[in-house]
Amino acid sequence: MKRRHKETNEFRVFVGNLPFSWLEDAVRNIFHSYGTVVDVEVPRNRQQQELNRGFAFVYFSNREEALAATTLSGSRLDGRVVKVELADENIEQSETVREELTRRPHSPIASSSQAYEWGGKQVQRQSENVVPKETPNFMPSGALYKEQRMTRHGKELKFVEPLDARKPDKHWRLYVFKDGKLLQGEEGVFYIYQKSVYLLGRDRDVVDIPIDHPSASQQHAVLQFRQVMPKNRDKLVIKPYIMDLESTNGTFLNNERIESLRYYELLEKDLLRFGYSSRELIILTDRM
């Protein structure tokens with residue numbers, strides 16, 4: 001296929017060892033949570049157009065989001081350990097990218113006695129085409145894959161921590177207000193610096209921060225600390241992010257509803273609301 005021309009304001013990420021059955025929508029759904037995906041390019045297998053050649057390019061609108069996406073490298077996607085890295089922003093490409101582009105097109109066709117693992121499913125050659133027995137579901141999930149999902153008290157969680165998850169190095173706190181007044185006791189402040197992730201919702205069996213309101217979902221949102229590379233800086237820092245877990249009535253950041261299954265950076269003094277609850281949570285930190 002003809003190579004897409006990268007615009008000057010775009011940042012390209014190379015994805016290697018991609019599962020062969022994955023096409024544009026599947027790749028887009030995985031990288032969507034890292035930022036604004038401008039475009040996805042998946043070169044097709046020459047013999048079987050319904051399969052890819054084992055790699056893809058994902059285009060982001062800024063460098064920070066592209067860098068965040070590279071933390072997916074090393075993850076197992078449908079049985080294959082993918083490699084994700086920034087593609088060089090000039091004509092010269094990285095060694096991995098050059099290897100993939102110059103490699104002979106991979107043809108998974110084999111003798112009738114051979115089997116391959118595609119999409120985590122065992123497939124066998126039938127006549128001239130290899131057809132997976134079961135078509136993978138590539139709908140957005142907010143987590144990578146069910147096989148990677150965590151559980152608490154026997155219940156499956158609706159998210160998976162990203163590879164850049166880190167315990168915060170500052171004493172972050174969530175202060176809870178109702179009708180403009182800080183709640184008293186344990187419900188008035190949550191200390192969120194003892195681990196890398198905090199689940200919010202109505203299911204007290206699994207959540208870290210309960211939202212006791214009928215409009216809240218059982219697992220409503222997740223507050224995740226991630227180690228990222230900020231713009232115009234050369235040192236990694238740990239920042240808090242919020243992600244809505246496809247809640248029924250939404251998550252609101254500074255009174256604006258955020259898109260589900262996407263990380264939003266939280267800044268000090270940001271205000272969070274969940275569903276139709278009148279409680280407002282404000283994030284603050286004391287300098288260490």
Tell me if the NZ atom of K195 is crowded by more than 12 foreign heavy atoms within 6.0 Å. yes
For Q49, is the CD atom crowded, meaning more than 12 foreign heavy atoms sit under 6.0 Å from it?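 Atom CD in Q49 is crowded, with more than 12 foreign heavy atoms closer than 6.0 Å.
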Does the ring of [Y] carry [X] above it, NZ/CZ under 6.0 angstrom from centre and within 45° of its axis?
| X | Y | result |
| --- | --- | --- |
| R173 | Y193 | no |
| R262 | Y264 | yes |
| R166 | F225 | no |

Backbone N/O of [Y] and side chain of [X]: donor-acceptor pair under 3.5 Å:
| X | Y | answer |
| --- | --- | --- |
| K158 | L245 | yes |
| R80 | N17 | yes |
| S196 | K167 | no |

Regarding Q224 and Y198, do their side chains bring together a donor and an acceptor under 3.5 Å, going by distance alone?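 Result is no, nothing qualifies.
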Does one side chain, of H220 or S247, offer a donor that lies under 3.5 Å from an acceptor on the other?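 There is such a pair between these side chains.
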Got a list of side-chain donor-acceptor pairs under 3.5 Å for residues 269-276, not counting sequence neighbours?
| residue | atom | partner | partner atom | Å |
| --- | --- | --- | --- | --- |
| D270 | OD1 | N254 | ND2 | 3.0 |
| D270 | OD2 | L267 | N | 2.7 |
| R273 | NE | N255 | OD1 | 3.4 |

Is the shortest side-chain heavy-atom distance between L174 and L281 below 4.5 Å? yes
